[in-house]
Asker: 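Quick one: this structure, given as structure tokens, is what I'll be asking you about.
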Amino acid sequence: MTQGDSQAVISLRNIRKSFGGRTVLDGVNLDVRRGETMVIMGGSGSGKSTLLRLIIGSFPPDSGSIRLLGQEMVGLKRTALDDIRRRFGILFQSGALFNSMTLAENVALPIHEHTNLDREIIDIQVKIKLELVGLLEHADKYPAQISGGMKKRAGLARALALDPEILFYDEPSAGLDPVTSAQIDRLISDLTQKLGVTSVVVTHEMDSAFSIADRMAMFDSGRMLAVESREWFNTLRHTDEAHAEALPPDQRLIRQFLRGDAEGPITQRKHTDALARALFGDDVVISTPSIIPTRSA
Ligand SMILES: Nc1ncnc2c1ncn2[C@@H]1O[C@H](COP(=O)(O)OP(=O)(O)O)[C@@H](O)[C@H]1O
Ligand SMILES: [Mg+2]
């Protein structure tokens, strides 16, 4: 990664974050370019949601810089933060719809909150957004009346309500069956193309990652191990056993993650961690394989 990518709409530099003395983000660097779909991958509990929440300004990092749409987010005042929040949409893991409101009302809510538009104009906006996600005919239903996949789509319509420049997705296909999950992936790709938005998608689901990504970032133990094109990751994923032996340690780890192999550097590390805990208890400071990134960050 070079210093300052001129096309970057998001730039993270040396982000650190600890919770109760436990380091979750340990010097994270990342550039996301305008119009691309960046997929951030990592095991569960690796800090992906924390990273997203930092980018959108939910809470500050302990140190480091976060530039979003040209604006430094760290130390930003409340009003400035509200202004920038209107320029991105978020689809969280749960979808987070209000159950007492219809889908149309859910989508209208952010427009009412952030604009002074007339009701008729808002109605049109809402219809356009629901149509984009294929839910126009269900506009008057309540969340309890629709399936999990439809709830995700409704959440997406709401994230689109204010015509965001960037869309953030946290595990968009979590809890969905494979077919519905593939439909959501298709929708994410379609929207990225149709609307020209920049998308940042956090996921641990490999099929989904490969079907939507332009570039991918592999995140592990609080660090970015690699930020590369989808093709780069695909080549690594399909590197055969004979050639895998010769790869640098971080690439072997990424390969295991991409393939979902039971054996490899990730599982060896887990065994070592588990043994350390069994011997010394939960408070033991695990210093293992800090897989040292061989790529310059
Ligand atoms: N607000 C918080 N307070 C304390 N610990 C937290 C908080 N948010 C996240 N964590 C911890 O940080 C780690 C990373 O969590 P998270 O970002 O949710 O991971 P992921 O999304 O990759 O599964 C976990 O160990 C989690 O328990
Ligand atoms: Mg998460």
Side-chain angles (χ1 to χ4, degrees), residues 10 12 14-30 32 37-64 66 68 73-74 81 88-97 148 151-152 155-156 159 166-176 181 184-185 188 199-210 212-213 216-227 233 250 253-254 256-258 260 265-267 269-270 272-274 276-277 281-291 293:
I10 304 171
L12 309 184
N14 213 13
I15 299 298
R16 294 178 194 281
K17 183 75 191 173
S18 301
F19 290 114
R22 204 178 141 257
T23 302
V24 176
L25 304 177
D26 190 12
V28 172
N29 294 298
L30 182 70
V32 180
T37 299
M38 168 67 79
V39 173
I40 301 173
M41 301 174 290
S44 73
S46 66
K48 303 182 298 298
S49 296
T50 301
L51 188 63
L52 272 195
R53 290 199 155 85
L54 285 169
I55 298 175
I56 64 176
S58 298
F59 49 79
D62 298 336
S63 63
I66 300 172
L68 187 62
M73 297 291 281
V74 180
L81 198 56
F88 58 77
I90 311 158
L91 182 63
F92 280 120
Q93 230 149 330
S94 56
L97 298 170
K151 280 183 199 158
K152 290 274 161 122
L156 188 48
I166 307 177
L167 274 171
F168 294 98
Y169 300 86
D170 195 351
E171 309 272 5
S173 43
L176 301 178
S181 162
I184 296 289
D185 291 342
I188 293 173
S199 298
V200 178
V201 184
V202 154
T203 187
H204 65 269
E205 290 175 47
M206 287 307 106
D207 289 341
S208 173
F210 278 99
I212 60 182
M216 302 165 110
M218 178 73 204
F219 184 62
D220 177 71
S221 300
R223 291 177 165 272
M224 286 296 177
L225 298 189
V227 183
F233 278 94
D250 59 342
L253 187 150
I254 297 168
Q256 184 190 359
F257 188 87
L258 297 174
I266 300 174
T267 23
R269 178 178 59 189
K270 282 194 174 143
T272 322
D273 290 359
R277 287 212 172 83
D282 278 342
D283 292 337
V284 69
V285 177
I286 309 245
S287 62
T288 19
S290 73
I291 294 292

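Counting starts at 1 for both ligands and their atoms, following the listed order. Keep in mind the model is a prediction, meaning the values are calculated, not measured.
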Asker: Checking only N/O/S atoms, does Ser49 have one that is under 2.8 Å from the Mg ion (ligand 2)?
Answerer: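 Of the N, O and S atoms in Ser49, at least one lies under 2.8 Å from the Mg ion (ligand 2), which means yes.
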
Asker: Return a yes/no value for Arg22: is any of its N or O atoms, backbone included, closer than 3.5 angstrom to an N or O of ligand 1?
Answerer: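 The answer is yes, given that Arg22 and ligand 1 share an N or O pair closer than 3.5 Å.
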
Asker: I need the atoms of ligand 1 closer than 4.0 Å to a non-hydrogen atom of Gly43, numbered in the order shown.
Answerer: 22 (O)

Asker: For the residue pair Asp26 and Arg16, establish whether any side-chain heavy-atom pair is separated by less than 4.5 Å.
Answerer: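 Yes, their side chains come closer than 4.5 Å.
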
Asker: Assess the residue pair Ile40 and Val200 against the criterion (side-chain contact (heavy atoms from CB on, under 4.5 Å)); give the C-alpha distance rounded to whole Å, side-chain angles, the decisive distance to 0.1 Å, and a yes or no.
Answerer: CA-CA 7 Å; Ile40 301 173; Val200 178; 3.9 Å; yes

Asker: Have a look at ligand 1 and work out which part of Val24, if any, has a heavy atom under 4.0 Å from it: side chain, backbone, both or neither.
Answerer: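 For Val24, the contact with ligand 1 is made by the side chain alone.
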
Asker: Can you tell which of Gly42, Ser58, Gly20, Gly45 gets a heavy atom nearest to atom 14 (C) of ligand 1?
Answerer: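 Answer by nearest heavy atom: Gly45.
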
Asker: If the cut-off is 4.0 Å to any non-hydrogen atom of Ser44, which atoms of ligand 1 fall inside it?
Answerer: 23 (O)

Asker: Let me know which of Asp62, Thr50, Asn14 forms a side chain to side chain contact (heavy atoms under 4.5 Å, CB included) with Leu25.
Answerer: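 When side chain to side chain contact (heavy atoms under 4.5 Å, CB included) is applied between Leu25 and each of Asp62, Thr50, Asn14, only Thr50 qualifies.
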
Asker: Could you go through the side-chain contact (heavy atoms from CB on, under 4.5 Å) check for Leu51 and Met224 one step at a time?
Answerer: CA-CA 11 Å; Leu51 188 63; Met224 286 296 177; 3.9 Å; yes

Asker: For Asp207, check side chain to side chain contact (heavy atoms under 4.5 Å, CB included) against everything at least two apart and list the hits.
Answerer: Arg237

